[in-house]
Student: 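Quick one: this structure, given as structure tokens, is what I'll be asking you about.
In this chain, numbering begins with 1 at the start of the sequence shown. Note that ligands are numbered from 1 as they come in the structure, with each ligand's atoms numbered from 1 the same way.
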Amino acid sequence: MTGSTTSDNDFALAIHGGAGTILRSKMTPEREAAYHAGLRRALDAGRTVLADGGAALDAVSAAVMALEDEPLFNAGRGAVYTSAGKQEMDAAVMDGRDRSAGAVAGICGPRNPVLAARAVMEHSGHVILIGESAMEFCRKQGLAFEEPSYFFTEQRWNALQETLAMRNSGADDQDESRKHGTVGAVARDRHGNLAAATSTGGMTAKAPGRVGDSPVIGAGTWADNETCAISATGHGEIFIRYAAAHEIASRMRYAGQSLEKASHAVVIDMLAPAGGSGGIVAVDHAGNVSLPFNCSGMYRGMVKGDGRLLTAIYDEPLVDFGRI
Ligand code: ASP
């Protein structure tokens with residue numbers, strides 16, 4: 001879906017809370033309303049920054065923090081479990097002004113992994129820090145930490161048990177909703193700058209130490225003022241192998257494709273046939289927004305300068321539920 005072009009001093013923010021086989025039949029009206037509310041809170045957090053003339057980088061950080069704090073989504077609080085019953089979170093941020101980037105992988109402790117990624121970008125001199133050393137760095141940076149009980153949700157724990165039981169019985173787990181999830185945000189601020197942020201617990205029952213596409217710059221996260229900002233969600237291994245986010249930016253840069261054309265070509269024509277189920281949220285330098293996905297649903301939303309918080313879950317138009 002493409003929004004109208006943003007005027008020069010207007011802003012645009014798009015978010016996702018994961019993609020996959022999201023079936024209406026498995027959703028209660030209460031749960032559906034909770035997802036919309038969670039998305040709207042995140043949009044509102046980012047909108048507040050952008051409406052004040054704040055930076056895209058601050059807006060995507062604020063939106064992703066709100067999604068990480070919401071246990072319904074697979075990032076921060078509510079992250080999924082590895083096959084060893086631990087949570088290992090990945091996150092990244094990228095600033096389209098100068099392509100500075102920061103990421104963390106395999107961490108559990110910092111309350112908001114997106115802030116850990118941002119600290120790496122701003123204070124480490126590196127792009128990616130992992131595991132225990134990343135957490136040591138975060139402690140030194142004074143980031144807020146939480147106990148494992150803060151991140152625990154019964155739903156994710158049960159999903160792990162079901163996936164492991166299926167794996168042990170030799171069955172293939174077809175339920176994508178049990179496997180997936182990630183949160184992310186992209187923004188274009190009033191100064192024309194772009195930024196992206198992505199945060200995830202990864203995939204349920206992943207191998208300990210497995211890192212997905214979210215913290216891999218150019219795969220699950222990308223921002224460059226000249227082209228676009230992208231945050232992806234889906235089968236990370238495929239998104240990495242196809243350098244999904246960077247592929248979209250390259251099509252715009254070298255083939256002159258529009259954001260809409262490039263993002264559809266990658267998500268629908270390239271990733272889907274390769275088994276890369278999922279989707280992306282994207283914004284370009286002109287403030288166009290594109291939200292393609294190649295599965296039955298993606299928790300998603302967007303807001304522009306008119307302040308309307310638009311959200312959707314299934315293959316359906318975005319809906320405005322009125323003011324928060
Ligand atoms: N892309 C994430 C990963 O592979 C999972 C997801 O978005 O569903 O870690």
Student: Heavy atoms only: which of Ile238, Thr182, Val183 lies closest to atom 7 (O) of ligand 1?
Tutor: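 Nearest heavy atom to atom 7 (O) of ligand 1 lies in Thr182.
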Student: Would you mind running through ligand 1 and noting each atom that sits below 4.0 Å from a heavy atom of Gly236?
Tutor: 4 (O)
Student: Taking atom CG of Leu164 as the centre, report whether more than 12 heavy atoms of other residues, nucleotides or ligands fall under 6.0 Å from it.
Tutor: yes
Student: Which pair of non-hydrogen atoms, one from Asp90 and one from Arg210, has the smallest distance, and what is that distance?
Tutor: OD2-O, 4.5 Å
Student: Run down the list Arg210, Glu237, His235 and name the one with the heavy atom closest to atom 4 (O) of ligand 1.
Tutor: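 Residue with the shortest heavy-atom distance to the ligand atom: Arg210.
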Student: CD of Glu162 to CG of Asn158: how many Å apart, nearest 0.5 Å?
Tutor: 6.0 Å
Student: Below 4.0 angstrom from a heavy atom of Thr233, which ligand 1 atoms are there? Numbered from 1 as shown, please.
Tutor: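 Counting from 1, the qualifying ligand atoms are 6 (C), 7 (O), 8 (O).
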Student: Could Glu316 and Arg300 be called an ion pair, given the rule that one side-chain N must be under 4.0 Å from one carboxylate O?
Tutor: no
Student: Counting each atom of ligand 1 from 1 as listed, which ones have a heavy atom of Asp213 under 4.0 Å away?
Tutor: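 In order of number, 1 (N), 2 (C), 3 (C), 4 (O).
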Student: Could you report the tightest heavy-atom contact between Gly18 and Thr233, atom names first, then the distance?
Tutor: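 Closest approach of Gly18 to Thr233: CA-OG1, 3.4 Å.
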Student: Is there a polar contact, in the sense of an N or O pair closer than 3.5 Å, between Met203 and ligand 1?
Tutor: no
Student: Which of the numbered atoms in ligand 1 are under 4.0 angstrom from any heavy atom belonging to Gly181?
Tutor: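 With Gly181 as reference, the close atoms of ligand 1 come out as 5 (C), 6 (C), 7 (O), 8 (O).
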Student: Between Asp315 and Ser296, is there a donor-acceptor pair closer than 3.5 Å when you use the side chain of the first and the backbone of the second?
Tutor: no
Student: Within the structure, is a non-hydrogen atom of Gly220 found at a distance of less than 4.0 Å from ligand 1?
Tutor: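 False for this residue.
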